[in-house]
**Student:** 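What follows is a single structure, and I will ask about it in a moment.
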Amino acid sequence: MRIINTAITKPEDLVNQWERDQIYNGLDTCVTAEVLDVLLPQLDNHTAATYNFSKALQAPALEMRLRGVRIDLARKAEVINEFHDKIETLERNLERIVLEGVGLPHFNWRSNPDLHTLFYDRLGIPVIRKQGRPTVNREALERMEAYTVANPIVAHMVAMRDLAK
């Protein structure tokens, strides 16, 4: 095996991808060890306990990744149904708020054009942009919460998006 001094080797000195990968992996390992050597003396009782606990969890986590985790399929189905029920309830409430409060029929909370119409056209909230384009992403919704007229709608939207995940 060839010995490569990474302190003096330049990328153009390496003839093939294999050598470049070996250097990358070697540096990745060595730098990680160097960082650990610097950080360990800086740990106090609390951070050392946290580090040791995290390290102790590595074996069980690896075992679970290799074997898997037993899932109670009946309970899983119950929980999923509960989430769907909550989302449906929130959807009905939101549709009622949007229809009766804003006068927007056939509103789909998953449709970006419907959300743009609701927030920017009907409610008159100043357009929030991301990379120059109007957006209704999570960050935009959080900014819209400052507007009293949008607050209940945004609360429903955030809850439904979280439950849908």
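What you see is a predicted model, and the numbers here were worked out from it, not measured in a lab. Counting from 1, the numbers follow the sequence of the chain as shown.
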**Student:** Just how far is it from atom CG of Asp85 to atom CD of Glu82, taken to the nearest 0.5 Å?
**Tutor:**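 Answer rounded to 0.5 Å: 8.0 Å.
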**Student:** For Arg65 and Pro60, indicate whether the former's side chain and the latter's backbone hold a donor-acceptor pair under 3.5 Å.
**Tutor:**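 Checked: no pair found.
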**Student:** Given the rule in the side-chain contact (heavy atoms from CB on, under 4.5 Å) test, do Trp109 and Arg161 qualify, once you have shown the distances and angles that lead to the verdict?
**Tutor:** CA-CA 9 Å; Trp109 67 275; Arg161 286 182 177 183; 3.9 Å; yes
**Student:** When clusters are formed by joining ILVMFWY residues with side-chain heavy atoms under 4.5 Å apart, either directly or through shared neighbours, do Val98 and Val158 land in the same one?
**Tutor:**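 Val98 clusters together with Val158.
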**Student:** Determine, stepwise, if the pair Glu139 / Met144 fulfils side-chain contact (heavy atoms from CB on, under 4.5 Å).
**Tutor:** CA-CA 9 Å; Glu139 185 179 311; Met144 288 179 199; over 6 Å; no
**Student:** Shortest non-hydrogen contact from Thr47 to Leu43?
**Tutor:**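 Shortest heavy-atom separation between Thr47 and Leu43 comes out as OG1-CA, 3.4 Å.
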**Student:** Could you tell me if the side chain of Gln22 sits less than 4.5 Å from the side chain of Glu19, heavy atoms only?
**Tutor:**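 They are not in contact (no side-chain heavy atoms under 4.5 Å apart), so the answer is no.
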**Student:** Between Phe119 and Val136, is a side-chain contact (heavy atoms from CB on, under 4.5 Å) present by the stated rule, with each step listed?
**Tutor:** CA-CA 9 Å; Phe119 289 115; Val136 286; 4.2 Å; yes
**Student:** How long is the gap from CD1 on Ile128 to CG on Asn137, to the nearest 0.5 Å?
**Tutor:**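 It comes to 8.5 Å.
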**Student:** What are the two closest non-hydrogen atoms of Pro134 and Val127, and how far apart are they?
**Tutor:**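 Nearest heavy atoms, Pro134 then Val127: CB-CG1, 3.7 Å.
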**Student:** Evaluate the side-chain contact (heavy atoms from CB on, under 4.5 Å) criterion for residues Tyr51 and Leu36: first the C-alpha distance (whole Å), next the side-chain angles of each, then the deciding distance (0.1 Å), finally the verdict.
**Tutor:** CA-CA 11 Å; Tyr51 172 72; Leu36 179 65; 3.7 Å; yes
**Student:** Measuring from atom CD of Glu95 to atom CG of Asn108, what distance do you get when rounded to the nearest 0.5 angstrom?
**Tutor:**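 Between atom CD of Glu95 and atom CG of Asn108 there are 8.5 Å.
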**Student:** Atom CD of Glu91 and atom CG of Leu163: how far apart are they, to the nearest 0.5 Å?
**Tutor:**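 Separation between the atoms: 10.5 Å.
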**Student:** Report yes if some heavy atom in the side chain of Arg96 is under 4.5 Å from a heavy atom in the side chain of Asn93; otherwise report no.
**Tutor:**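 Yes, close enough: below the 4.5 Å cut-off.
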**Student:** With a cut-off of 6.0 Å (strictly less than), are more than 12 heavy atoms of other residues, nucleotides or ligands near CZ of Arg143?
**Tutor:**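 For Arg143, atom CZ is not crowded (no more than 12 foreign heavy atoms under 6.0 Å).
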**Student:** Checking Asp28 side chain against Tyr24 main chain: does a donor-acceptor pair fall under 3.5 Å?
**Tutor:**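 No: the side chain of Asp28 does not pair with the backbone of Tyr24.
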**Student:** Restricting to non-hydrogen atoms, name the atom on Arg129 and the atom on Thr135 that form the minimum distance, rounded to 0.1 Å.
**Tutor:**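 Smallest interatomic distance, heavy atoms only, reads C-CG2, 4.0 Å.
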**Student:** When you compare the side chain of His156 with that of Ile97, does any pair of heavy atoms fall below 4.5 Å?
**Tutor:**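 Yes, side chains in contact.
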**Student:** Kindly compute the distance separating NZ (Lys55) from OG1 (Thr50), expressed to the nearest 0.5 Å.
**Tutor:**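 Here the rounded value is 13.0 Å.
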**Student:** Taking NZ, NE, NH1 and NH2 as the nitrogens, is one of them in Arg138 or Asp162 under 4.0 Å from a carboxylate oxygen of the other?
**Tutor:**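 So Arg138 pairs with Asp162 through a salt bridge.
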**Student:** Taking all atoms of both residues into account, what is the closest heavy-atom pair of Met160 and Leu90, and its distance?
**Tutor:**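 Met160 and Leu90 have their closest heavy atoms at CG-CB, 3.5 Å.
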**Student:** Just checking Asn45: does its CG atom have more than 12 heavy atoms from other residues, nucleotides or ligands closer to it than 6.0 angstrom?
**Tutor:**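 Counting neighbours around CG of Asn45, 12 or fewer heavy atoms of other residues, nucleotides or ligands fall under 6.0 Å, so no.
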**Student:** Is there side-chain contact between Tyr147 and Val154, with heavy atoms separated by less than 4.5 Å?
**Tutor:**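 Heavy-atom side-chain distance check fails, nothing below 4.5 Å.
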**Student:** Closest heavy-atom contact between Tyr120 and Ile125?
**Tutor:**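 Scanning both residues completely, I find the closest heavy atoms to be CD2-O, 3.3 Å.
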**Student:** How long is the straight-line distance from CG of Leu141 back to CD of Glu145, given to the nearest 0.5 Å?
**Tutor:**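 Output value for this atom pair is 8.0 Å.
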**Student:** For Thr117 and Asp114, run side chain to side chain donor-acceptor pair (under 3.5 Å): C-alpha distance rounded to whole Å, both residues' side-chain angles, the deciding distance at 0.1 Å, then the answer.
**Tutor:** CA-CA 5 Å; Thr117 299; Asp114 283 3; 5.4 Å; no
**Student:** Kindly indicate whether the side chain of Phe107, heavy atoms from C-beta on, has any atom under 4.5 Å from the side chain of Leu99.
**Tutor:**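 When only atoms from C-beta onward are counted, Leu99 and Phe107 do not touch, as no gap falls below 4.5 Å.
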